[in-house]
Amino acid sequence: MSQEILEKLTNSVIEGDVDAAIALTKEALHAGVEPMAIINQGLVPGMNVVGEKFTSGEYFLPNLVIAGSAMQQAMQLLEPELKERQQERTSSGKVVIGTVHGDIHEIGKSLVATMLSANGFEVLDLGVDVPTEVFLTKVIESGAQLVGLSALLTTTMTVQRDVIEALDDAGVRDRVKVLVGGAPVNQEWADSIGADGYAEDAMAAVALAKRLMGES
Ligand code: HCB
């Protein structure tokens, strides 16, 4: 039953049927499916298929837009549920997060921000297409212990390195741990640019953020 709803949800994202995605997300919640399972087993597989179809030329930009909208609207229903289930009382630390300059992909970054916040982190979400100097200013102003840099394009992942270099040049690199992520990013890339960690998804980002906080 739950599996059937999740499969239909995946298809609704692939087909760009926003109304169905909203209705099926509600149905899954009602059936007692955990919000994180709805994301990872319902919505994300749909986005991955959309990405593959875009690469193969079967889908075009409007398909990405509508699939993104379906996922975002479903996420709006899930965010309060995620927070309610995981809210911790004490502050785990302060995090500045954003999608780097030139990149407007926001769904994954927002999911990481939601999960960090649900796990007790104080999160300052700078949004998307964030200029490198804004990351620098906000890290200094807020006194954040962590900065999360999201990049979904091979052309923008290099901006993660620019931010690390800017932190270095400003003499604040040792004050903040840098956590990188996004579809084209991996551990090897994170190591090569001197990031403190790489997380492949929001749950891994929370675990890593907690570990890095323990180290700082
Ligand atoms: Co976009 N796009 N897109 N896109 N897009 C991708 C990313 C491609 C891989 C699709 C493909 O070709 N297969 C591709 C990138 C290719 C590449 O560079 N290697 C691509 C392209 C090419 C483009 C445009 C250039 C298309 C064009 O205009 N011709 C354009 C770029 C615009 C720009 O940014 N300047 C573009 C635009 C769009 C939108 C706007 C239509 C839309 C985004 C809507 C929005 O966010 N509001 C969009 C979408 C939806 C996608 C796909 C289909 C899904 C992305 C997504 O939301 N995934 C994506 C294909 C794909 O990735 N499968 C495709 C779901 C989330 C939950 O996963 O990976 O973002 P996530 O985040 C994870 C994870 O990476 C990690 O945790 C998250 C949560 O689990 N994580 C972090 C992310 N950030 C982190 C930071 C941390 O500190 C730690 C962990």
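Counting all heavy atoms, side chain and backbone alike, V100 lies closest to F135 at CA-CE1, 4.1 Å. T132 approaches A166 most closely through the heavy-atom pair CG2-CB, 3.7 Å. Taking every heavy atom of both residues into account, L152 and A183 meet most closely at CD1-CB, 3.7 Å. Of all heavy-atom pairs spanning A113 and V123, the tightest one is O-CG2, 3.8 Å. Closest approach of L146 to A209, counting heavy atoms only: CD1-CB, 3.6 Å. Scanning both residues, V13 and G46, for their nearest heavy atoms gives CG1-C, 3.8 Å.
In this structure the side chain of K109 reaches within 4.5 angstrom of the side chain of D125, judged on heavy atoms. Inter-residue side-chain proximity for E15 and I66 is flagged as unmet; no heavy-atom pair is nearer than 4.5 Å. Contact check for L77 versus K26: side-chain heavy atoms found under the 4.5 Å cut-off. Looking at heavy atoms from C-beta onward, L78 lies in side-chain contact with L29 at the 4.5 angstrom threshold. At a threshold of 4.5 Å between non-hydrogen side-chain atoms, the residues L124 and V95 do not count as touching. In this structure, M203 and M36 have side chains that are in contact, with non-hydrogen atoms separated by less than 4.5 Å. Between T158 and I193 the shortest side-chain heavy-atom distance does not fall below 4.5 Å. Side-chain atoms of Q160 and W189, non-hydrogen and from C-beta on, do get closer than 4.5 Å to each other.
Between the CG atom in L43 and the CD atom in Q73 there is a gap of 12.0 Å [rounded to 0.5 Å]. Atom CE of M47 and atom CD of E52 lie 12.5 Å apart (nearest 0.5 Å). To the nearest 0.5 angstrom, L6 atom CG is 9.5 Å from T25 atom OG1. The CD atom of E7 sits 11.0 Å away from atom OG of S2, with the distance rounded to the nearest 0.5 Å. In this structure, the separation between NZ on K94 and CD on Q145 is 7.5 Å, given to the nearest 0.5 Å. The structure places CD1 of I5 at 9.5 Å from NE2 of H30, a figure rounded to the nearest 0.5 Å.
Salt bridge R85/E81: present, at least one basic N to carboxylate O contact under 4.0 Å. Classification of E27 and K8 as a salt-bridged pair fails, no side-chain N sitting under 4.0 Å from a carboxylate O.
Judged by distance alone, the side chain of T99 and the main-chain N or O of H105 form a donor-acceptor pair under 3.5 Å. Remark: side-chain polar atoms of R173 are paired, donor with acceptor, to backbone N or O of V176 under 3.5 angstrom. When atom types are taken as modelled, the side chain of T10 and the backbone of G42 share a donor-acceptor pair closer than 3.5 angstrom. A donor-acceptor pair is defined here as one N or O able to donate and one able to accept, closer than 3.5 Å; such a pair exists between the side chain of S142 and the backbone of K138. Between the side chain of N119 and the backbone N or O of M115 there is at least one donor-acceptor pair closer than 3.5 Å. A donor-acceptor pair is defined here as one N or O able to donate and one able to accept, closer than 3.5 Å; no such pair exists between the side chain of D103 and the backbone of D129. In terms of modelled atom types and a separation under 3.5 Å, the side chain of N63 and the main chain of F60 share a donor-acceptor contact.
V65 and I104 end up in different hydrophobic clusters when Ile, Leu, Val, Met, Phe, Trp and Tyr side chains are linked at under 4.5 Å. There is no path of hydrophobic side-chain contacts, each under 4.5 Å, that joins Y198 to F121. Residues V163 and I97 do not share a hydrophobic cluster, clusters being chains of Ile/Leu/Val/Met/Phe/Trp/Tyr side chains in contact below 4.5 Å. At a threshold of 4.5 Å between side-chain heavy atoms, the hydrophobic network of Ile, Leu, Val, Met, Phe, Trp and Tyr places L116 and V180 in two separate groups. At a threshold of 4.5 Å between side-chain heavy atoms, the hydrophobic network of Ile, Leu, Val, Met, Phe, Trp and Tyr places L179 and V147 in two separate groups.
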Please walk me through it: do L82 and I39 pass side chain to side chain contact (heavy atoms under 4.5 Å, CB included)? CA-CA 11 Å; L82 285 169; I39 294 167; 3.9 Å; yes

So D191 and Q187, side chain to side chain donor-acceptor pair (under 3.5 Å) or not? Walk me through it. CA-CA 6 Å; D191 292 342; Q187 186 64 55; 3.0 Å; yes

Worked check of side chain to side chain contact (heavy atoms under 4.5 Å, CB included) between L136 and V172: CA-CA 9 Å; L136 180 60; V172 293; 4.0 Å; yes

Would K210 and V206 count as a side chain to side chain contact (heavy atoms under 4.5 Å, CB included) here? Give the steps. CA-CA 6 Å; K210 286 184 173 171; V206 170; 4.1 Å; yes

Test side chain to side chain contact (heavy atoms under 4.5 Å, CB included) on K83 and T114 and set out the steps. CA-CA 7 Å; K83 288 195 174 167; T114 300; 4.3 Å; yes

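In the displayed structure, E188 atom CD is contacted under 6.0 Å by at most 12 heavy atoms of other residues, nucleotides or ligands.
If you check the side chains of Q72 and E106, you find a donor sitting under 3.5 Å from an acceptor.
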